[in-house]
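Presented below is the structure to which this report refers.
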Amino acid sequence: NPDDQSDLAVKPRAKSQRPPMYKVLLLNDDFTPMEFVVHVLERLFHMTHAQAIEIMLTVHRKGVAVVGVFSHEVAETKVAQVMELARRQQHPLQCTMEKE
Ligand code: TYC
């Protein structure tokens, strides 16, 4: 905008300070017990039992579901915690993150 002294006055929202957010995704597999997935969702994602069952069944039917949206640091921690719980119980459950 040639009339403006500052680009900030033109599009104040164009370069906001908001950090990118990351979706944490849970992936389906044929072996991880449903009750283990429900437990993980209750324990690490603070879902009620009913919510956890609903999301688990969505993953089971569709192959993947978003279980939460977090800052990069929190998303990384959640993924690591899910993977560690699954590893300890020798379940092949996979959890990943992707930029929103
Ligand atoms: N498909 C698994 C079964 O039938 C259950 C399951 C649900 C596994 C969600 C992983 O992220 C998952 N036991």
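Remember, it's 1-based here, ligands and their atoms both numbered in the order they're listed. Numbering starts at 1 and runs along the sequence shown.
- Rounding to the nearest 0.5 angstrom, the gap separating the CZ atom in F31 from the CZ atom in F36 is 15.5 Å.
- Applying the side chain to side chain donor-acceptor pair (under 3.5 Å) definition to pairs two or more places apart or across chains, none involves residues 60-73.
- Taking NE2 from H39 and CE from M47, the interatomic distance works out to 13.5 Å, rounded to the nearest 0.5 Å.
- Around ligand 1, the residues contributing at least one heavy atom under 4.0 Å from the ligand are L26, L27, N28, D29, T32, M34, V37, M56, V59, H60, L93.
- Among pairs with a residue in residues 35-59, none fulfils salt bridge (Lys or Arg N to Asp or Glu O under 4.0 Å), at least two apart in sequence or across chains.
- With T32 contributing its side chain and L93 its backbone, the two residues share a donor-acceptor pair below 3.5 Å.
- Identified under the salt bridge (Lys or Arg N to Asp or Glu O under 4.0 Å) test for residues 88-100, with sequence neighbours left out: K23-E98, E84-R88.
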